[in-house]
Amino acid sequence: MSGVKTRFAPSPTGYLHIGGARTALFCYLYARHHGGSFVLRIEDTDRERSTEESTRAILDSMEWLGLHWDEGPHFQSRRTEIYREHVEKLLQAGRAYRCDCPPELLDAKREIALKTHGKVMYDGRCRDRTDVDPAAPHVVRFRGPRTGQTVVHDLLRGDVVFENADLDDLVLLRSDGGPMYNFVVVVDDILMGITHVIRGDDHLTNTPRQIQLYEALGSPLPRFAHVPMILGEDRKRLSKRHGATSVESYREAGYLPEALVNFLVRLGWSHGDQEIFSLEQLIDLFDLDGVGRSAGVFNPEKLLWLNAHYLKECPAERLQALARPFLEARGYDVSDGRKLVVLVEVLRARAPTLADLAAQAAPYYEREVSLDPAAAGKFLTPEAAPLLRELAELFRAAPEWAPEALEPPFRELAERRGLKIGKLAQPLRVAVTGSTASPGIFETVFLVGREWTLERLARAAGLAESGGPAPAA
RNA sequence: GGUCCCUUCGUCUAGCCCGGCCUAGGACACCGGCCUCUCACGUCGGCGACACGGGUUCAAAUCCCGUAGGGACCGCCA
């Protein structure tokens, strides 16, 4: 085991979203690649917004993606005492102070500052006061250095320099005694022995203050790597209004975890021209030097392509198991195992997601099919009627109902009539599926089943004789 | 507004650190051919980018400076 230890620290205020999942993936891969360990920590210090339901959803999504953690989940809400002790230490050491500025006053100052000079920061009013009543409501602030610079040695961006004068004294403890994010992160990362803090670059400007806290707490620094963010099509930070952004929603839409993992890792990381990676390969290949510096736009089409790819690669048995719940969700009876096997095999190249696959299964599991009028007009013609009747006879007499068994008599009929396969297949296809597009004609007829095939053929022949589809009832 | 980050095809990216192998490569999407009972898959081909302006150099996507554009953060949220 190397010394590497990374962590993923989501706040349970919603589902695991795409951006968080990618950060988690990077942390996971980095730890695994270096033979280190990966910690999961739930940052639920905001009691108002944190829910158990979110925590469960996040854990579920992590497991579904295959990002297994070695330690945790730790819950910050259960570590309040630890944080208080550290605040106390800072207070004793003179590295923190009590501040009783009323929030309304702070808000007002912020507003004025924004309008006049744009430097929005706490003015340090209480920094040198000694008369703040510890019994009255107050917050505890960090006493940051006023001069000099703090530099973040970022593994991805090099040295990023901040003037200490631009950094105000952040709140460590709220007036209700609850600790604040920037503080607990540091305390926990120290206590948990995190060696590499890998997170979104929206945290980059927090980092100098966190570094000051490490120093005040007398602890060595971890290495930092701020990875680029994921943007929506409008190039704004990806959020709910961009549509489906939770890992869960992709799972429900019939995406495979390996597709999502593959997609996420390639958003910001690359390995030459390679596009397809298994999780095992990623563990082998992933490192920070392949990670870029610029934000990337979420591209649903590429995700879809990857999903289609993995659907095509998926072992048959697993694919059947994956497809089953999607079919059942539509109310389909999938107890016929042979039918399911064929269905999944013929639809996997035609459906980019499991949900699409289930939707395309409609003609084979629903008694009523909708007839595309354009298709009917073109193929269910009076000339086609006798052919459809002959096909019905042929299928009625078929000794065995299997795609391979249906083919020879069909071909014989075509030959006898001097017709190309297509001339016979298209009217048949429209008759049994209602549309001009479907899998191979023999598989299609097999999937429709003998009973429904005869039923639909009879109806279509009737329609064809009368010169086209009846007007809508 | 202040601070910080970023900038190669529409999108994800290779190349940049260590200038010439770049006529800038790959992938998604899009367009067309082939395959073919339809659709899809597959396959072959096409379209398409170094943000701009200055330098440095025999030579710059690659190094330097400036400009523009985009983003993040600026909370008793995380």
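Convention: sequence-line order gives letters A, B, ...; per-chain numbering from 1.
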Out of C37(B), A27(B), A14(B), minimum distance to the side chain of R429(A) belongs to C37(B)
Scanning all shown strands, the Watson-Crick or wobble mate of C30(B) with both distances under 3.5 Å is G46(B)
Across every strand shown, the nucleotide meeting Watson-Crick or G-U wobble geometry with G20(B) (both distances under 3.5 Å) is C58(B)
Below 4.5 Å, heavy atoms only, C-beta onward: do L354(A) and L311(A) meet side chain to side chain?
yes
Next item on the list: Please state the P separation for the pair A24(B) and G48(B) - nearest whole angstrom.
Entry: 11 Å
**Message:** Give me the distance, rounded to whole Å, that separates C64(B) from C17(B) when you measure between the P atoms they each carry.
**Reply:** 9 Å
What does G268(A) touch in the nucleic acid at a heavy-atom separation under 4.0 angstrom: a base, only the sugar-phosphate, or nothing?
sugar-phosphate
(request) Look at all strands and tell whether S175(A) reaches a base, only sugar-phosphate, or nothing, counting heavy atoms closer than 4.0 Å. (result) base
Between R318(A) and E258(A), is the closest basic N to carboxylate O distance under 4.0 Å?
yes
task = Considering just the side-chain nitrogens and oxygens of R266(A), establish if one lies under 4.0 Å of OP1 or OP2 belonging to G26(B).
result = no
Using Watson-Crick geometry (N1-N3 plus N6-O4 or O6-N4) or G-U wobble (N1-O2, O6-N3), each under 3.5 Å, U36(B) is paired with none
Closest to the 5' end of RNA chain B, once A437(A) and R293(A) are matched to their nearest nucleotides, is R293(A)
Closest of C6(B), A72(B), U11(B) to the D202(A) side chain is A72(B)
Picking from U13(B), C76(B), C28(B), the nucleotide nearest the side-chain atoms of V139(A) would be C76(B)
Side-chain contact check for R141(A): nearest option of C76(B), C4(B), U11(B) is C76(B)
The reported gap from NZ in K420(A) to CD in Q426(A) (rounded to nearest 0.5 angstrom) is 13.5 Å
(Q) Heavy atoms only, 4.0 Å cut-off, all strands: where does N182(A) land among base, sugar-phosphate and nothing? (A) base
> Considering only the C1' atoms, how many Å lie between C31(B) and A68(B), rounded to the nearest integer?
Replying inline: 34 Å
OP1 or OP2 of C76(B) under 4.0 Å from side-chain N/O of R110(A): yes
Open item on the list: Counting the benzene-type ring for Trp, do F298(A) and F263(A) have ring centres under 6.0 Å apart?
Closed with: yes
G66(B) -> Watson-Crick or G-U wobble partner, both distances under 3.5 Å, gives C52(B)
Does S270(A) make a side-chain N or O approach to OP1 or OP2 of C12(B) shorter than 4.0 Å? no
Are R209(A) and D168(A) within salt-bridge range, i.e. N to O under 4.0 Å? yes
Look at all strands and tell whether L114(A) reaches a base, only sugar-phosphate, or nothing, counting heavy atoms closer than 4.0 Å. base
Using a 4.0 Å heavy-atom cut-off across all strands, classify K420(A) as base, sugar-phosphate, or nothing.
nothing
Do the side chains of E81(A) and R84(A) get close enough for a salt bridge, i.e. N-O under 4.0 angstrom? yes
Review point. Contact class for H117(A) vs. all strands (heavy atom < 4.0 Å): base, sugar-phosphate, or nothing?
Key: sugar-phosphate
Determine whether the aromatic ring centres of F8(A) and F26(A) lie less than 6.0 Å apart.
no
message = With hydrogens left out and only the distance checked, is there a donor-acceptor pair under 3.5 Å joining R350(A)'s side chain and the base of C39(B)?
response = yes
Taking C76(B), C6(B), U3(B) as options, the one with an atom nearest any side-chain atom of F162(A) is U3(B)
### Side-chain ion pair, E412(A) and R416(A), N-O less than 4.0 Å
no
Taking the P atom of each, how far is G66(B) from U23(B), in whole Å?
30 Å
Classify V160(A) by what it touches in the nucleic acid, base, sugar-phosphate, or nothing, heavy-atom distance under 4.0 Å. sugar-phosphate
Heavy-atom nearest pair, Q76(A) first then Y83(A), reads CG-OH, 3.3 Å
Checking N1-N3 plus N6-O4 or O6-N4 for Watson-Crick, or N1-O2 and O6-N3 for wobble, each under 3.5 Å, the partner of G1(B) is C74(B)
By the 4.0 Å heavy-atom rule, please label P208(A) as base, sugar-phosphate, or nothing. nothing
Ranking C37(B), G1(B), A78(B) by distance to the side chain of V120(A), first place goes to G1(B)
Taken to the nearest whole Å, CG/L428(A) to C1'/C39(B) is 15 Å
- Message: What contact category does E43(A) fall into here, base, sugar-phosphate, or nothing, at under 4.0 angstrom with non-hydrogen atoms?
- Response: sugar-phosphate
Here the distance between atom C1' of C28(B) and atom CZ of F298(A), to the nearest Å, is 13 Å
Contact class for F263(A) (heavy atom, under 4.0 Å): base, sugar-phosphate, or nothing?
-> nothing
Against the side chain of F442(A), the closest entry in G75(B), U38(B), C37(B) is C37(B)
Regarding the side chain of D273(A), the nearest nucleotide among C37(B), A14(B), C41(B) is A14(B)
Open item on the list: Taking the P atom in each of U38(B) and C47(B), what is the distance between them to the nearest angstrom?
Closed with: 29 Å
Can you say whether a donor on the side chain of E275(A) sits under 3.5 Å from an acceptor on the base of G26(B), or the other way round? yes
Base, sugar-phosphate, or nothing for I441(A), non-hydrogen atoms under 4.0 angstrom? base
* Between G15(B) and C9(B) - P atom distance, rounded Å -> 16 Å
Q.
Using atom C1' in both nucleotides, what's the gap between C50(B) and G19(B) to the nearest angstrom?
A. 15 Å
Name the nucleic acid region contacted by K312(A), choosing base, sugar-phosphate or nothing; use a 4.0 angstrom heavy-atom cut-off, strictly under. sugar-phosphate
By nearest-nucleotide position on RNA chain B, the 5'-leaning member of A351(A) and L303(A) is L303(A)
E301(A) has its side chain closest, among C28(B), A78(B), G1(B), to C28(B)
Span that lies between the C1' atom of C28(B) and that of G69(B), in whole angstrom: 25 Å
**Prompt:** Looking across every strand, which nucleic acid part, if any, lies under 4.0 Å from R49(A) by heavy atom: base, sugar-phosphate, or nothing?
**Reply:** base
Applying a 4.0 Å non-hydrogen cut-off, can you work out what D107(A) is touching in the nucleic acid: base, sugar-phosphate, or nothing? nothing
Among C37(B), G70(B), C28(B), the one nearest any side-chain atom of R235(A) is G70(B)
